[in-house]
Every structure is written in structure tokens, then in C-alpha cells.
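Here it is, the structure in full.
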There are 2 protein chains.
Amino acid sequence: MPDTPALRQGSPAKRAAIVRAALDVFVREGYARASVDAIARAASVSKRTIYDYFGDKERLFLSTVEETAAAQAVAFRDLLDHTLGDVADEADLEPALVSFGRAFATEVARSAERAAVMRLMIAEAHHFPALLRTPTEERPAHRALADRLAEFGRRGLLTIPDPDEAAEFLGLLVTVRVNHRSWYGAAPLDDAEIDRLVAGGVRVFLSAYGPSRATDRP
Amino acid sequence: MPDTPALRQGSPAKRAAIVRAALDVFVREGYARASVDAIARAASVSKRTIYDYFGDKERLFLSTVEETAAAQAVAFRDLLDHTLGDVADEADLEPALVSFGRAFATEVARSAERAAVMRLMIAEAHHFPALLRTPTEERPAHRALADRLAEFGRRGLLTIPDPDEAAEFLGLLVTVRVNHRSWYGAAPLDDAEIDRLVAGGVRVFLSAYGPSRATDRP
DNA sequence: GCGGAACTACACTGTACGGTGTAGTGTAGG
DNA sequence: CCTACACTACACCGTACAGTGTAGTTCCGC
């Protein structure tokens, strides 16, 4: 009765290996150029197994992107806890933001994986509308950052009239120049350059949301 | 002697028609999925003519992206003149910046062409390293904006310690949220939303570079 | 040790596409 | 009229790849 001829259950480990290999190949080649044969080779698995697990190339791609993005969201929350988790007073704030920005941007630019997934999603947005479903405000990473900033606002460390907007600007200010210059991970970028870009971004963020700032909107 | 078997001269009009059709198809399908047959059909031209003009698919792609980007740089300078060209005093400044941002972001999000080329370049950065050659500071659009901001700085309308950085932030603040939400043109965005995003970006820009702002760096 | 599921190796089909070669049709200039 | 060129239409080659079918092997639970 079901159109789908029942995917194989299999082992989570093997499934994970396939997803990892698929991510590698998709990121390196793009969706259209990536061949299932190459993915099977990279995962040390027979092509047949991939089809038994995932059905077809499209579903393999979607699973890969979704599972990778989910894992990154978890990693992001960790990063957030480690860098912005214990800001005691105002003196801690800017260093904490810089350290957050640096950790985030470095991961973005160097581990390449996060930016690479972003690049994949941008490239394939037309062909996989499912990828662009989730609005910014509902992404868990965004929520976590917005909540943290709102808390800083309540404690008087920052002036945060709109936590969602503030979170968006912070993430953007510390990462987008890095992403643009590295073409979302396609071109290399050295640490000093990353530091410079992040520091500039944090400076702009603080001038807009810093504690001493009156919200001088009419 | 030359490896290249001499491309055909032909008429500029026909060449332009091919480039326009190629841009359409490349943007819609991506490089790998786009077939030269489809481009020929879209340009109402025989496939053979395309090969006579451009040699192969790769060179067709590069010509398309480069020529489109060059045309956009010209359009950007026009836009700059029309929106930031005659700022008489401080009262003119914010409206002018908003109007610049709105014009730019609207073009980015709606005409789709600029963002689409960006999307193409991001997607193909790995396979066409030539695309990511030019550093930010040397792009003519960036230079034009930076020069304009530097002038505002000299006239005391803004506080611009580093025109290059300021130009980068302004362009970024008014466009990147639009690009991210529209997935570089792949998803629609309504005018009200664009206005909101642009206004927010200009506000942050002015809090960092506004005239009343002391550069309180230690 | 039996049965079934997981898995591999491999052959095979259909199709799409990059690129080429060529014959033939305008078309402009001398 | 003749030559040279731009261009089209079309057939064609080689290859790459998604997806399937299947026979045989390994592995695990009972």
C-alpha cells in the first residue's frame, strides 16, 4: 500500500557513517555533481545499502543536511554555554562576546562544516524547498542566543529592546564578514584576520546594544 | 599554436542574448544541472553557436558571471548617486541611508538577479576559484560606497575612522538579513519585511557610526 | 545449526549530457 | 557569380550516473 517500499532498519552506526560520507561528498562536489557511487565508496559501503537505507538520492541529501544541522545546533548551545555562560559583571561582557564571536567564527571558517552546510543550503534552496522552511526566530540556536541576550538585558549588562533582533545582529556581525570573505568556507582565512573581523563586529554590536546606550528612538 | 581553437567573433547582440539566457538557466538550475542544450533553446540559438562563441561550458559560465557582475557594479554606482548623492546636512542623512538601504535591499531581494549571482558564486566557489579572486576592498561597488562614507566623515555627518570597514558594515547591515531570509533570492520576501530589516540595519549602523558618537576605543 | 536479515559485488538499463563533425542555408562584399 | 563567414539542424560519440535486480556471503538470534 505505501509507495515507499519500506526502508531498511539497519544499524545507527552504519547510517551515521553514510551520512558523514555523504556530507563530505555533497559539500565538496555539490548535490548534482555528487554521485551515489562516490558516497558509497567514501562510506565503505555498497551502493545498494545506501538505497536500502535512504530510498533515493534526494532523501539521502535531505537526511544528511537535516541531521548535520541538528548536530550543529547542539554544538552551538555548548559553545554558548562555554563562552557566555558565566558573565558575572559588565567587565566580563566584552571579552565574553569576543570569545563567543571568535569561537563561533573560527568554527564557521575553519571546521568549515557549518559554513559548508550553509553553502549547500544556499546552493540547493531552489531544488529543496523543504530546506528553507524554518524561519529564523524558530531555529533553536537563534532562540538560545536570544534568550541569553535577553537575560543580559534584564541584568542591565546590555540594552536589549528586542532580543530576537539583537541575536540576529550579533550572529551576523561576528560571522557574516567571515563567511563572505571565505565564501562560506570555500576559501581559507587566517586566525588573525578572523580575530580582526570578530572584534570589529563585537564593537559595532556593543555600540548599538551596550549598557551605556540610551535607546534614542523617537 | 594556441590550444584554444579561436572563438568566433560574431555579433555583440547575439553574444549578449546567449549570456542573458545562460544567466537565467544557471540561476534557475545551478551550474551542474544546467544543460547547454537548455541554454541554447532559451537563447533561440543553436548549441553549436554557443560552442563557437564560448568554447566550452566552463568558459560560458565564467563569462556569464563576470559580465553580469560588471553590469551590476555599474547599476550600483547609479543607485548610490541617486540615494546618497545629495545629502546636504545631518537631517538628510538617515532618510538617505534608509533610502539607499531600501533600494539596495529591494533590488537584492526582488530583482533577484544580484542575490542570484551571489548564490551562484557561493555555490560554485569550489569549482571556479577564479570567482573568488577579488578581495572585498578592491571591488568597485565597495570602493564607491567607502569613498562616499569617507566624504560624509570629512563633512562631520558621520564618524568614520575606517571607511572600508564602515562600508562593509553598512552594506552588510542593510542586506544580509534580507539575503539570509530570502536564501539569496530563492524565497520570496514582502516589501514591509524588507523595510523593517533595512530600518533596523540603518539604526545599528548609525549607533556605531553616527555623528554624535565618540570613538570610545581605549 | 537453522532461518532470516543485513550486506556486498556486480551486472545491467535507461537516460541525460558535453562536445564534435558536417551538410546545408542565408547573407554581405567584391 | 563567387568567396567567406555566420549560423542552424541534426546526427553522433563517449561517458557518467540514478536506480534495480540478483546471487552469494556474513552475521545474529533462537
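Naming: A, B, ... by sequence-line order, numbering from 1 per chain.
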Return the value, rounded to whole Å, for the distance between atom CD1 of A:Ile50 and atom P of D:dA18.
10 Å
Please report the distance, rounded to the nearest Å, between CZ in B:Arg41 and C1' in D:dC10.
14 Å
State which residues pass ring-ring contact (aromatic ring centres under 6.0 Å, His included) with A:Phe76; sequence neighbours excluded, sorted by chain then number.
A:Phe104
Carboxylate-amine/guanidinium contact A:Arg203 B:Glu165, below 4.0 Å
yes
Restricting to side-chain contact (heavy atoms from CB on, under 4.5 Å), what partner residues turn up for A:His180, sequence neighbours left out?
A:Val176, A:Tyr184, B:Met118, B:Val176, B:Tyr184
End-to-end axis angle, where each axis spans five pairs of the helix from C:dG1-D:dC30 to C:dG30-D:dC1, to 10°:
10°
So, are A:Glu193 and A:Arg177 salt-bridged, with charged N and O less than 4.0 Å apart?
no
Just jot down the side chain to side chain donor-acceptor pair (under 3.5 Å) partners of B:Asp52, sequence neighbours excluded, or say none.
B:Arg8, B:Arg48
Please name all residues satisfying ring-ring contact (aromatic ring centres under 6.0 Å, His included) with A:Phe26, sequence neighbours left out, ordered by chain then number.
A:Tyr31, A:Phe61
Which residues pass the side-chain contact (heavy atoms from CB on, under 4.5 Å) test with B:Lys47, not counting sequence neighbours?
B:Val36, B:Asp37, B:Ala40, B:Tyr51
Under 3.5 Å, which donor-acceptor pairs do the side chains of residues 64-71 of chain B form with other protein atoms, sequence neighbours left out?
residue	atom	partner	partner atom	Å
B:Thr64	OG1	B:Leu60	O	2.7
B:Glu67	OE2	B:Arg15	NH2	2.8
B:Thr68	OG1	B:Thr64	O	2.7

Regarding A:Phe54, tell me which of base, sugar-phosphate or nothing describes its non-hydrogen contacts under 4.0 Å with the strands shown.
nothing
Run the side chain to side chain donor-acceptor pair (under 3.5 Å) test against A:Ser46 and tell me which residues pass, sequence neighbours left out.
A:Thr49
Looking across every strand, which nucleic acid part, if any, lies under 4.0 Å from B:Asp56 by heavy atom: base, sugar-phosphate, or nothing?
sugar-phosphate
Set of residues satisfying side chain to side chain donor-acceptor pair (under 3.5 Å) with respect to B:His127, sequence neighbours excluded
A:Arg33
Round to a whole Å and report the spacing from NZ of A:Lys57 to C1' of D:dA16.
11 Å
Taking any atom closer than 4.0 angstrom to a non-hydrogen atom of chain A, what span of DNA chain C does the protein reach, first nucleotide to last?
C:dA6 to C:dA9
Send over the distance from A:Arg48 CZ to D:dG24 P, rounded to a whole Å.
17 Å
Quick one, which residues of residues 22-40 of chain B touch DNA chain C with a heavy atom under 4.0 Å?
B:Ala34, B:Ser35, B:Val36
Could you tell me whether B:Lys47 contacts a base, only the sugar-phosphate backbone, or nothing, with contacts defined as non-hydrogen atoms closer than 4.0 Å?
base
A:Phe61 CZ to D:dA18 P: how many Å, rounded?
14 Å
Let me check something: any side-chain donor-acceptor pairs from residues 140-151 of chain A under 3.5 Å, sequence neighbours excluded? List them with distances.
residue	atom	partner	partner atom	Å
A:His142	NE2	A:Asp164	OD1	2.9
A:Arg143	NH1	A:Glu137	O	3.3
A:Arg143	NH1	A:Asp164	OD1	3.1
A:Arg143	NH2	A:Asp147	OD1	3.4
A:Arg143	NH2	A:Asp164	OD1	3.4
A:Arg148	NH2	A:Asp81	OD1	2.6
A:Glu151	OE2	A:Arg155	NH1	3.0

